[in-house]
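When a ligand or atom number is given, it counts from 1 through the structure's own listing order.
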Amino acid sequence: MAKQMDYNTIREVFRRFHEAEPEPKGELEHVNVYTLVVAVALSAQATDAGVNKATRALFRIADTPQKMLDLGEDGLIDHIKTIGLFRQKAKNVIKLSHILVEQYGGEVPNSRAALQSLPGVGRKTANVVLNMWWRYPAQAVDTHIFRVGNRTGIAVGKDVVAVERAIEDNVPVDYALHAHHWLILHGRYICVARKPKCGACIIRELCQFEDKTL
Ligand code: SF4
């Protein structure tokens, strides 16, 4: 595990990320906050591209909890059966839509606790929704961010909650909102799991990874 990076180095890392892409965006398609919750819940152990392919048609007909309930579990399964774990995910989406209608007047609540109480919505999903929709600097840590944080020293921690805390504690606040997307995109396209593309990496001399592929 790398050592936690110092303040000035982290600031330079994010200055470069910001210079390269001032407004990094998530890649999951959605038309409102409800469809964002559904898309993120469907994306567990699936690619964003695969989820987008399935949800484009789905969200045209079911973009509110009530419309999803009207579509029903079987109708939903017809749309998402190309996505891994689709049966369990369909059950969760129907259950969470029920709860949104019955307990929240059809709206999506915006506290981490209320979001996490929904079926199929874990801490990571809640943080993605808080970050992408409400622009709250929540840090959702997935496999890419966990790897990048620990390899580089940007956010060192033994588990995802420790890495989440390390990002919150160490990333300068002016970069906190977009830190999630900069790190995820860096991990997805440059600092990839097997053979990181260190030659094309804009933070290579700041990164502490011992096995850089230079
Ligand atoms: S130098 Fe290599 S290991 Fe370090 S962040 Fe860049 S791609 Fe990842």
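Counting atoms of ligand 1 from 1 in the listed order, those under 4.0 Å from a heavy atom of H186 are 5 (S), 6 (Fe). For ligand 1, the atoms lying closer than 4.0 Å to a non-hydrogen atom of T152 are 5 (S). Remark: ligand 1 atoms within the under-4.0 Å shell around heavy atoms of F209 are 3 (S). Which parts of ligand 1 touch R204 is read off a 4.0 Å heavy-atom cut-off, strictly below it: atoms 1 (S).
A distance-only check finds no donor-acceptor pair linking the side chain of N150 to the backbone of V156 [under 3.5 Å].
Atom 4 (Fe) of ligand 1 does not have C201 among its coordinating residues (no N/O/S atom, backbone or side chain, under 2.8 Å).
R15 and H18 share no side-chain donor-acceptor pair at under 3.5 Å. Side-chain contact check for D70 and Q66: at least one donor-acceptor pair (N or O, by modelled atom type) lies under 3.5 Å.
With a heavy-atom cut-off of 4.0 Å, C207 touches ligand 1 through its side chain alone.
For the pair R11 and D6, the salt-bridge criterion is not met [side-chain N within less than 4.0 Å of a carboxylate O]. Taking the charged nitrogens against the carboxylate oxygens, K124 and E164 have no contact shorter than 4.0 Å, which rules out a salt bridge.
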